[in-house]
Amino acid sequence: MALFDGMNATASALTAQRLRMDTASGNMANASATRGDMVDGEWEPYRRKMVTMAPQENQPSFASHLENAERENTEGVQVTGIVEDQTPFQTMHQPGHPDADEDGNVQLPNVDPLKEMVDVMGATRSYEANVTVFDAHKAMKMNAMEIGRG
Amino acid sequence: MALFSSTIDQLHNGLDGAELRQNTTANNIANADTPNYKAKKANFEHMLDDARRQFDAQKTDGRHVDFSEGDREAYTSVDRSRSYNHNGNSVDMDKEMAEMANNQIYQSALVDRMDGQFGNLKTALGGQ
């Protein structure tokens with residue numbers, strides 16, 4: 001419904017940013033989890049996860065792509081997936097660790113707390129911006145309701 | 001004689017434009033973190049300009065572009081020339097926020113005027 005299109009667009013962004021925040025939290029929580037996945041009978045450390053986003057198209061058809069060339073046709077944002085960061089794991093020499101190899105090296109997750117903090121900050125700011133947009137939208141709609149009342 | 005003056009039509013156009021602009025800004029801000037998203041801009045001011053609509057010119061060939069812009073509805077355009085972010089995104093958050101604040105005041109003014117128009121009508125009709 002056209003009346004709520006803008007609000008729905010903003011709502012999709014709020015959801016996406018919240019997922020980004022959750023993903024960063026998950027990464028932080030698992031920053032030293034050496035047993036993330038079982039691969040070929042061996043434990044592999046946790047792999048950092050990232051959220052990918054794309055604009056949400058009304059109808060992803062050939063016609064809509066043509067129309068998109070000039071006209072606005074996006075309604076918010078959508079999460080296209082959660083991908084795993086393929087950067088190499090960190091290794092640390094820790095012979096006493098149960099997951100250490102023969103040389104006493106332990107593989108640790110490829111989570112960089114600094115990166116996660118930047119992501120958390122970004123998600124927070126974006127979330128706040130979208131809340132502001134939502135408020136503005138609501139105020140405008142309520143304002144329009146006043147037409148003819150006075 | 002028309003009951004509603006053309007002022008109401010103009011205000012109506014303005015309100016529609018304000019809504020389009022609000023939706024466009026909302027979409028831009030929603031996609032502030034989307035790679036390769038290009039910011040969009042709502043264009044509707046040409047609909048408010050009566051003078052341009054009455055521009056007197058003759059088309060001598062069917063392939064000529066219309067002289068008047070009046071028939072064209074409100075539309076959004078994409079500016080692909082800029083990129084404010086390393087990931088190809090061109091949403092300038094400060095600009096969008098400023099635009100939205102402007103638009104809010106603009107819409108509020110239109111609503112106020114629209115209200116005034118109906119108030120006048122009411123007075124003329126002796127409804128109070």
Side-chain angles (χ1 to χ4, degrees), chain A residues 2-17 19-20 50-58 67-80 119 122-123 125-150, chain B residues 8 11-12 15-16 18-43 73-78 80 85 87 89 91 93-94 96-97 99-119 121-122 128:
Chain A
L3 180 61
F4 298 112
D5 273 358
M7 278 169 155
N8 290 341
T10 304
S12 73
L14 290 174
T15 313
Q17 296 302 339
L19 181 69
R20 241 180 107 197
M50 292 177 292
V51 176
T52 55
M53 293 189 251
Q56 200 170 350
E57 308 291 343
N58 268 350
E67 208 179 336
N68 267 343
E70 192 190 11
R71 288 178 70 99
E72 177 248 9
N73 207 12
T74 50
E75 292 298 337
V77 64
Q78 62 175 335
V79 172
T80 46
D119 230 34
R125 293 285 170 263
S126 294
Y127 193 89
E128 283 170 358
N130 280 295
V131 169
T132 312
V133 174
F134 198 89
D135 274 347
H137 210 98
K138 203 174 107 184
M140 279 170 72
K141 297 286 179 204
M142 294 311 280
N143 208 4
M145 299 280 208
E146 293 299 314
I147 296 175
R149 268 204 200 156
Chain B
I8 286 185
L11 291 170
H12 184 188
L15 281 171
D16 278 351
E19 179 171 7
L20 178 69
R21 181 157 290 168
Q22 170 66 20
N23 284 347
T24 311
T25 313
N27 270 319
N28 286 341
I29 294 177
N31 283 292
D33 296 312
T34 309
N36 297 319
Y37 177 85
K38 298 294 179 204
K40 296 180 175 94
K41 186 179 184 298
N43 302 288
E73 279 185 28
Y75 63 100
T76 57
S77 53
V78 189
R80 292 177 197 280
N85 220 323
N87 60 4
N89 190 294
V91 178
M93 194 58 101
D94 299 311
E96 297 297 335
M97 282 302 194
E99 183 113 307
M100 198 179 64
N102 270 337
N103 197 38
Q104 233 178 322
I105 297 167
Y106 174 71
Q107 193 257 6
S108 162
L110 287 176
V111 167
D112 190 66
R113 277 300 77 227
M114 189 73 115
D115 218 27
Q117 288 288 324
F118 283 121
L121 266 175
K122 233 175 175 177
Q128 201 246 135

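Any value given below was found using the heavy atoms of this structure, including those in side chains, with hydrogens, waters and symmetry copies removed. Bear in mind that the values here come from a model prediction, so they are computed numbers and not experimental data. Throughout, a chain's letter reflects where its sequence line sits, starting with A, and its residues are numbered from 1.
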Task: A:R125 portion near chain B, given a 4.5 angstrom heavy-atom threshold - done: neither
[X] side chain near [Y] side chain, heavy-atom distance below 4.5 Å:
X: A:H137; Y: A:T10; value: no
X: B:D115; Y: A:E146; value: no
X: B:L15; Y: B:V111; value: yes
X: B:N28; Y: B:M93; value: no

- [ ] Could you tell me which of A:T132, A:V133, A:T80 has the largest number of non-hydrogen atom pairs under 4.5 Å with chain B?
- [x] A:V133
TODO: With a 4.5 angstrom heavy-atom cut-off, could you sort out which part of B:L110 is near chain A: side chain, backbone, both or neither?
DONE: neither
